Participant: 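Just dropping this structure here.
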Amino acid sequence: MALTAVSSASAASVGGYAGTDAGLYYQTDLSGTSAMRYSINALNLFSGGSIGVGGEVAYLNNISGQSLGGLAPYYGLGLGAGVSLGSSTGVSLYPHGLLGLRYNVAGPFSVFAEGNAGVRVGIGTGGGVRVGAGARIGLDYRIR
């Protein structure tokens, strides 16, 4: 049974990104056009006085039939959660939508750029409900 599970395993990749946050992720394909990404990240990189850690789960789907000179567009839905300590102390949830472009550089390596927007719900210092947005660039390595 274990051999069956290994042989039918979907493709996966690992990578990292930087932008309004920075982190590392593991991504597994659900089908030829969709994937789930699980990440851990550092929050509040560009707002002084506090540091935070968080995570994100995102469903990604290729925009079928679209290729823009080697760029592959995709969209997705994500849910982020984080804890922040310092001048801004509390917890937050961030349900969001995202759009991105991926470009295969060579072999198993690709680069991507993506933006996201959603509602950020915070409890603690500076808490409340507000509109959130972010952007990141990253490097992806296909492991199988």
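Just so we're clear, the structure is a prediction, and the values are computed from it rather than from any experiment. Throughout, numbering of the chain's residues begins at 1 and tracks the sequence. Just the heavy atoms: all of them, side chains too, but no hydrogens, waters or symmetry mates, feed the values below.
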Participant: With side chain to side chain contact (heavy atoms under 4.5 Å, CB included) as the test, would you mind laying out the steps for Asp29 and Arg142 before giving the verdict?
Facilitator: CA-CA 11 Å; Asp29 290 350; Arg142 194 88 142 152; 2.7 Å; yes

Participant: Give the minimum heavy-atom separation between Asn62 and Tyr75, together with the two atoms involved.
Facilitator: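 Nearest pair, atom of Asn62 first, then Tyr75: O-CE2, 4.1 Å.
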
Participant: Would a single hydrophobic cluster contain both Leu30 and Phe112, if residues Ile, Leu, Val, Met, Phe, Trp and Tyr are joined by side-chain heavy-atom contacts under 4.5 Å?
Facilitator: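 Unlinked, Phe112 and Leu30 end up in two clusters.
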
Participant: Would Met36 and Tyr26 show up in the same hydrophobic cluster when neighbours are defined by side-chain heavy atoms closer than 4.5 Å?
Facilitator: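 Both belong to a single hydrophobic cluster.
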
Participant: Taking Ile40 as the starting point, is it possible to reach Val53 by hopping between hydrophobic residues whose side chains are less than 4.5 Å apart?
Facilitator: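 No, Val53 does not connect to Ile40 through the hydrophobic network.
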
Participant: Is any side-chain heavy atom of Val119 closer than 4.5 Å to a side-chain heavy atom of Val129?
Facilitator: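 Contact flag for Val119/Val129 side chains = yes.
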
Participant: On a heavy-atom basis, which atom in Ala81 and which in Leu93 lie closest, and how many Å separate them?
Facilitator: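 Taking Ala81 first and Leu93 second, the nearest heavy atoms are CB-CD2, 3.7 Å.
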
Participant: Return yes if some donor-acceptor pair links the side-chain N/O of Ser84 with the main-chain N/O of Gly90 below 3.5 Å, else return no.
Facilitator: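 Looks like no, no N/O pair under 3.5 Å.
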
Participant: Under 4.5 Å between side-chain heavy atoms, counting indirect links through other Ile/Leu/Val/Met/Phe/Trp/Tyr residues: same cluster for Val105 and Tyr141 or not?
Facilitator: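 Same cluster: Val105 reaches Tyr141 through Ile, Leu, Val, Met, Phe, Trp or Tyr contacts under 4.5 Å.
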
Participant: Do other residues, nucleotides or ligands put more than 12 heavy atoms under 6.0 Å from the CD1 atom of Ile137?
Facilitator: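 12 or below, so no.
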
Participant: Would you indicate whether the side-chain heavy atoms of Thr33 and Tyr74 approach each other to under 4.5 Å?
Facilitator: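 They are not in contact (no side-chain heavy atoms under 4.5 Å apart), so the answer is no.
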
Participant: Without hydrogens or angle criteria, can the side chains of Asn41 and Tyr25 be said to hold a donor-acceptor pair below 3.5 Å?
Facilitator: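 Short answer, no.
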
Participant: Working to the nearest 0.5 angstrom, can you tell me the gap between Ser13 OG and Ile143 CD1?
Facilitator: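 CD1 of Ile143 is found 7.0 Å from OG of Ser13.
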
Participant: Does Tyr103, at its OH atom, have more than 12 non-hydrogen atoms belonging to other residues, nucleotides or ligands within less than 6.0 Å?
Facilitator: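 No - once you tally the heavy atoms of other residues, nucleotides and ligands closer than 6.0 Å, there are 12 at most.
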
Participant: Looking at every non-hydrogen atom in both residues, tell me the closest pair between Tyr59 and Ser34 and how far apart they are.
Facilitator: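 Taking Tyr59 first and Ser34 second, the nearest heavy atoms are OH-CB, 3.5 Å.
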
Participant: Should Val57 and Leu98 be regarded as members of a common hydrophobic cluster, given that ILVMFWY residues are connected when their side-chain heavy atoms come within less than 4.5 Å of each other, either directly or indirectly?
Facilitator: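 No, Val57 and Leu98 fall in different hydrophobic clusters.
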
Participant: Quick one: list whatever passes side chain to side chain donor-acceptor pair (under 3.5 Å) with Glu56, sequence neighbours left out.
Facilitator: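 Checked Glu56 against side chain to side chain donor-acceptor pair (under 3.5 Å); matches are His96, Arg136.
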
Participant: Please report the interatomic distance CG(Leu101) to CD(Glu114), rounded to the nearest 0.5 Å.
Facilitator: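 With rounding to 0.5 Å, CG (Leu101) is 10.0 Å from CD (Glu114).
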
Participant: Go through it in stages, so that I can follow the logic: the residues are Asp140 and Arg37, the test is side chain to side chain contact (heavy atoms under 4.5 Å, CB included), and I'd like the CA-CA distance, side-chain angles, deciding distance and then a yes or no.
Facilitator: CA-CA 12 Å; Asp140 184 79; Arg37 180 174 62 200; over 6 Å; no

Participant: Using every non-hydrogen atom in the two residues, find where Tyr17 and Leu24 come nearest and quote the distance to one decimal.
Facilitator: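 It is CE2-N, 4.2 Å.
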
